[in-house]
Amino acid sequence: MSRSIVIGLVLIIGLGIGSSVPAATSWWYNTTRASSVLNSTNSESASTIDDLPSVTYHFGLEHGVLSVIEGAPGTSGRVIVTGLNVQAWPKEMLDIAPKVEFYSLDEVQSFIDTVNEPLWRE
């Protein structure tokens with residue numbers, strides 16, 4: 001066989017495998033998972049997604065000590081973490097922190113990590 005025929009066959013086989021493997025894995029994933037509320041035809045159960053409580057977090061700042069509080073900014077809620085020293089934070093970040101609303105504790109940690117980067121302290 002010539003080189004171009006061999007290359008063509010390899011490309012065709014590669015494309016076939018490359019397109020069938022993702023389709024097979026997504027099919028396998030769908031068969032092993034329970035059906036979600038969105039896949040059901042019952043409109044009552046689909047409307048309950050909006051009724052799920054969404055937990056938000058914000059910062060509270062008192063006397064240079066930062067606290068992570070559950071709830072929207074400006075509301076009082078359960079204190080998650082307190083005692084974060086923010087004396088080394090830039091003034092701009094201290095002004096922004098109590099106004100920001102976070103939707104997960106990972107976002108809170110990311111914000112804290114970002115502010116603590118050496119770039120902001122220059």
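Please read all numbers here as calculations on a predicted model, not as lab measurements.
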Apart from Ile69 itself, residues in the same hydrophobic cluster as defined by side-chain heavy atoms under 4.5 Å: Val79
List in chain and number order the residues that pass salt bridge (Lys or Arg N to Asp or Glu O under 4.0 Å) with Lys99, two or more places apart in sequence or in another chain; answer none if no residue qualifies. none
Residue pairs meeting salt bridge (Lys or Arg N to Asp or Glu O under 4.0 Å), one or both in residues 80-93, sequence neighbours left out, come to Lys91-Asp95
List in chain and number order the residues that pass ring pair (Phe, Tyr, Trp, His ring centres under 6.0 Å) with Tyr57, two or more places apart in sequence or in another chain; answer none if no residue qualifies. none
Partners meeting salt bridge (Lys or Arg N to Asp or Glu O under 4.0 Å) with Glu70 (sequence neighbours left out): Arg78
Quick note, side-chain hydrogen bond (donor to acceptor under 3.5 Å, both in side chains) partners involving residues 102-112, not counting sequence neighbours, are Gln109-Asp113
Which atoms form the tightest heavy-atom contact between Pro73 and Val100, and what is the distance? CG-O, 3.9 Å
Does His58 use its side chain to pair, donor to acceptor, with the backbone of Pro98 at less than 3.5 Å? no
Taking side chain to side chain contact (heavy atoms under 4.5 Å, CB included) as the definition, give me every residue that meets it alongside Ser2, ordered by chain and number, with sequence neighbours left out. Ser4, Ile5
State which residues pass side chain to side chain contact (heavy atoms under 4.5 Å, CB included) with Ile7; sequence neighbours excluded, sorted by chain then number. Arg3, Leu11
Mind checking whether Phe59 and Phe102 have parallel, tilted or perpendicular rings, split at 30° and 60°? perpendicular
Only counting residues at least two apart or in another chain, list the ones meeting side chain to side chain contact (heavy atoms under 4.5 Å, CB included) with Leu15. none
Distance check, rounded to the nearest 0.5 Å: Ile96 atom CD1 versus Phe111 atom CZ? 6.5 Å
Within one Ile-Leu-Val-Met-Phe-Trp-Tyr cluster: Val65 and Leu94, side-chain cutoff 4.5 Å: no
